[in-house]
Amino acid sequence: MMKKYLILIMALTIVGSLYLVIHRNLIQFHSTVSIKNSRWQKVHVQVRKGYNPDPYHNKLIFDEYLTMGQSRTFTINNGDDILYRRDNDPDHGDGVHFTKWTYANCDDSSTCTIDNP
């Protein structure tokens, strides 16, 4: 009788451990990030994701011009760090002089909006 309970407890422990391993490593949660421009006629925006202290070593995921009223949406893995920057002079952007990289505070939420970067 004791052997049956021991086998049952071991089986439940194995199933629980497998669930946690699969949940942590294989199931990815995605967040939706939206960038909106309602302030400038045309602005050049760059977005990178990653954890490297030097943003240039992080993956570039967005490098486009947004005209007034335009927005772009993309998905990332939940928990990814998002950094963005725009032209220093948005209406007269040259693609060379940008603002400093800014951290987008998404706080592990399922949606994140960057208004007028």
Is a side-chain donor or acceptor of Thr99 paired with a backbone partner of Arg86 at a separation under 3.5 angstrom?
yes
Residue set satisfying salt bridge (Lys or Arg N to Asp or Glu O under 4.0 Å) with Arg72, at least two apart, ordered chain then number -> Glu64
Ring-plane angle category for Phe74 and Phe62, please: parallel below 30°, perpendicular beyond 60°, tilted otherwise.
parallel
Of all pairs that satisfy salt bridge (charged side-chain N to carboxylate O under 4.0 Å, His left out), the ones with a partner from residues 10-21, not counting sequence neighbours:
none
Test of understanding: with side-chain hydrogen bond (donor to acceptor under 3.5 Å, both in side chains), list the residues that count as partners of Ser71, not counting sequence neighbours.
none
Worked verdict on Gln70 versus Asn37 for side chain to side chain contact (heavy atoms under 4.5 Å, CB included)
CA-CA 6 Å; Gln70 205 174 22; Asn37 173 27; 5.6 Å; no
If a pair satisfies salt bridge (charged side-chain N to carboxylate O under 4.0 Å, His left out) and one of its residues is in residues 36-57, list it, with sequence neighbours excluded.
Lys49-Asp80
Whichever hydrophobic residues join Leu8 through chains of side-chain contacts under 4.5 Å
Leu12
Between Tyr56 and Tyr103, is there shared hydrophobic-cluster membership here, with clusters defined by ILVMFWY side-chain heavy atoms closer than 4.5 Å?
yes
Verdict with reasoning, Ile114 to Tyr84, per side chain to side chain contact (heavy atoms under 4.5 Å, CB included):
CA-CA 9 Å; Ile114 301 170; Tyr84 65 92; 3.8 Å; yes
Which residues satisfy the side-chain hydrogen bond (donor to acceptor under 3.5 Å, both in side chains) test with Asp115, sequence neighbours excluded?
none
Stepwise side chain to side chain contact (heavy atoms under 4.5 Å, CB included) test for Asp87 and Tyr65:
CA-CA 10 Å; Asp87 277 314; Tyr65 285 92; 4.2 Å; yes
What pairs with Asp63 under side-chain contact (heavy atoms from CB on, under 4.5 Å), at least two apart in sequence or on another chain?
His44, Gln46, Leu60
Report yes or no: do Ile61 and Val43 belong to one cluster of Ile/Leu/Val/Met/Phe/Trp/Tyr joined by side chain heavy-atom distances under 4.5 Å?
yes
How close do Ser38 and Asn116 get, counting heavy atoms only, and between which atoms?
N-OD1, 2.7 Å
Using the side-chain hydrogen bond (donor to acceptor under 3.5 Å, both in side chains) criterion, which residues pair with Asn88? Sequence neighbours excluded.
none
Listed partners of Thr102 passing side-chain hydrogen bond (donor to acceptor under 3.5 Å, both in side chains), at least two apart:
none
With sequence neighbours excluded, what pairs up with Ser17 under the side-chain contact (heavy atoms from CB on, under 4.5 Å) test?
Thr13
